[in-house]
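In the text below, chain A, chain B and the rest are named by the order of the sequence lines, each starting its count at 1. What you are looking at is a predicted structure, and each value in this text was computed from that prediction instead of being measured. These numbers come from the heavy atoms of this one structure, side chains and all, not from hydrogens, waters or symmetry mates.
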Amino acid sequence: MRIAFLLALLAGGVYYTYVAFIDLNFLTRTGRLGPGFFPRSVGVMIVLLTIWALVDALKEGREAATNAGLWRDVAMLMVLAIIYAVALRVFGGFVATVLYLAVTLSVLNRGRPLQNALLSILVPVAVYLLFDRVLNASMPPGLIDILPI
Amino acid sequence: MDIFGDLVMGLSIAITPINLLYLLIGAIVGMVVGVIPGFGPSAGLAILLPVTFGMDPTGAIMMLAAIYYGAMYGGTITSILLNTPGESATVASTFDGYPLAKKGRAGPALVMQAVASFVGGTVGVILITILAPMFSQVSRSFGPPEYFLLAMMGMLTLIVMIGNHWKLGLISALIGFALGTVGVDLETGQGRYTFGSAELIGGIYFIPIAIGLFGLGELFYAFFVGMHKSGSGGIVQYDKEAAFWPSAEDWLSTRMTMVRGSILGFVVGVIPGAGATIASLMAYSTERSMSKHPERFGTGEMAGLVAPETANNAASSGAMIPLLTLGIPGSASTAVLLAAFMLWGLRPGPLFMEQNPELAWGLIASMYLGNMILLAISVFAIPLFVQIIKVPYRLLAPIIVVICTLGTFSVHASFIETYLMFAAGIVGFFMRLYGFSPAALVLALVLGPLAEEALRQTLTISRGSAMIFLERPASLWIIGVTIVLVVVLPFMSRHGKSAGNAEKSGT
């Protein structure tokens with residue numbers, strides 16, 4: 001997994017550097033440092049250092065096995081967070097938050113339906129009052145307006 | 001106007017009822033953030049920054065600063081009662097804090113940590129009051145070459161302090177620099193990495209990245225290490241102890257420890273990149289080596305708790321000096337504070353205190369009051385924070401996700417920024433897992449555009465010659481100090497860490 005992460009970084013670094021060399025000039029027409037100077041220097045260093053780190057990682061060999069259960073928990077939390085991000089766009093801030101909390105708490109905090117239900121309602125209400133009413137900051141609007149808030 | 005007059009003026013601003021209320025909220029929130037394991041001041045500041053948008057800038061900055069230094073107070077409560085530091089700067093407080101609690105002295109330990117934090121924080125603010133105007137005077141002679149070198153100094157010291165993973169730290173910083181280049185190039189007007197997107201013309205906004213890396217990233221990591229499965233079952237029941245207040249011996253034996261810890265912590269805090277964690281470890285190790293009974297350290301010695309506590313609070317004050325007088329943040333938390341200043345169109349630097357005396361002195365004066373409020377809260381509201389420690393992580397986690405998400409959206413009402421925050425959260429988790437440094441990334445994201453602009457201006461002034469860095473006395477001084485720090489800091493850090501490791505292994 002570490003090597004995959006480093007490879008992803010390397011790919012990003014190579015693409016960043018490629019754009020810096022293709023699209024951005026090193027010097028301006030007047031001979032001053034251009035918009036490409038910094039990105040090119042940074043990009044080249046990212047690529048070289050990531051290759052170095054990758055070689056180190058390959059030399060070190062396989063990483064110690066970690067508890068699969070913990071990976072599962074993190075992956076689940078990430079997936080739920082991503083679904084929440086999508087739901088925000090579709091249902092808007094309030095409804096998406098109620099749904100997200102209801103689902104996530106029912107998974108993480110099993111066997112306490114009343115506590116989960118209360119939190120799923122009270123937290124979004126508190127956050128709505130804080131952001132929308134007290135701070136005058138908008139909650140995400142949804143494509144489907146279930147509630148008029 | 002003299003310093004005293006400025007301070008009185010600042011106090012008159014800080015002491016208004018609304019600002020006192022903001023200060024109180026900031027202090028409580030800071031302590032709560034400190035109490036939650038895995039969340040430090042950077043996460044707390046990043047997550048709560050959007051909440052301050054509707055507020056007046058002075059009150060908002062005071063509140064954010066209180067969150068920043070308040071986290072140092074809160075972090076120790078879990079160190080003492082649960083042997084779990086609330087954040088990295090309070091790791092050293094577990095060495096003697098938890099043994100004290102196990103010996104039935106949790107009450108005195110909690111009170112002494114509050115007093116030590118207060119002394120460290122207050123000495124830190126006194127030193128800010130005296131030194132900040134002097135630093136401002138000196139830094140007025142600085143031009144683009146010096147600013148570029150200072151930005152590099154901050155990055156280099158942070159990276160050398162990372163230690164064995166310096167390569168990954170450097171990659172993290174370079175990613176931050178790379179993200180900082182996105183947007184329109186201010187000198188030529190050419191778009192860089194915008195790919196035709198209107199959202200990217202203004203660049204990658206700092207707040208979603210900071211909230212993602214420090215908020216969500218830390219949360220995912222906390223899940224990975226199983227924090228949601230370990231409860232607060234091992235918490236020491238301090239309320240059943242015979243004596244809650246410290247003894248005369250506790251006060252007398254640690255009075256010089258507080259002085260040493262405060263000064264050492266402040267000096268380390270001023271150095272960009274070093275920070276409160278290193279300060280607390282160094283103070284612990286120094287105290288142990290100066291003690292007549294070094295063998296007692298690690299077994300519940302009050303000086304072993306007081307030293308890191310004074311140092312980490314003094315260090316967080318010290319870190320305000322480069323921020324206020326140079327506009328150069330030395331840590332991830334001060335980088336978030338800088339972002340807060342910028343949100344209100346304020347640009348800390350040499351002229352900041354002169355041009356914004358009300359805000360600058362109001363902030364400094366508020367830090368005196370904030371430390372007093374935190375002392376009172378730390379002593380008298382311990383049961384409240386014990387209740388917070390008992391809230392299971394599995395309940396806190398989804399609520400933190402909600403606050404991070406809606407907080408990010410509220411900044412610019414942008415879905416793109418919200419998605420960016422989620423992406424930063426996932427990347428932040430992997431960075432944390434594989435030894436990269438999210439703090440270096442965030443610091444570089446803030447410092448990158450400053451450094452690039454300063455470098456380009458410098459080379460324009462010098463017509464492309466890098467010799468300008470060696471021709472200006474101020475630049476030479478900064479280069480000299482950077483070299484000394486890069487050589488000396490890793491030794492000091494290793495010394496502090498080895499003392500910590502010795503305690504952990506019981507030697």
task: Evaluate the criterion side-chain contact (heavy atoms from CB on, under 4.5 Å) for residue pair A:Met1 and B:Phe430; output intermediate values, then yes/no.
output: CA-CA 9 Å; A:Met1 201 64 177; B:Phe430 284 107; 3.7 Å; yes

Qualifying salt bridge (Lys or Arg N to Asp or Glu O under 4.0 Å) pairs, either residue in residues 31-55 of chain A, two or more places apart: A:Arg32-B:Glu187

query: A:Leu24 versus chain B, heavy atoms under 4.5 Å apart: side chain, backbone, both or neither?
result: both

message: I need the minimum non-hydrogen distance between B:Phe415 and A:Pro141, along with the two atoms involved.
response: CZ-O, 3.5 Å

- prompt: Is any side-chain heavy atom of B:Val401 closer than 4.5 Å to a side-chain heavy atom of A:Tyr100?
  reply: yes

- prompt: Which one, A:Phe131, A:Tyr84, A:Phe37, leads in non-hydrogen pairs under 4.5 Å with chain B?
  reply: A:Tyr84

message: If you compare all heavy atoms of A:Ala85 against all heavy atoms of B:Tyr419, which two are closest, and at what distance to 0.1 Å?
response: O-CE2, 3.6 Å

field: Aromatic plane relationship, A:Trp52 with B:Trp166 - under 30° parallel, 30 to 60° tilted, over 60° perpendicular
entry: perpendicular

message: Quick check on A:Asn109 against chain B: is it the side chain, the backbone, both or neither that has a heavy atom closer than 4.5 Å?
response: both

- prompt: Most heavy-atom pairs under 4.5 angstrom with chain B, which of A:Leu88, A:Asn25, A:Val86?
  reply: A:Leu88

- prompt: Relative to chain B, which segment of A:Thr28 carries a heavy atom at a distance below 4.5 Å: side chain, backbone, both, or neither?
  reply: side chain

- prompt: Mind checking whether B:Phe422 and A:Met78 have side chains closer than 4.5 Å, heavy atoms only?
  reply: no

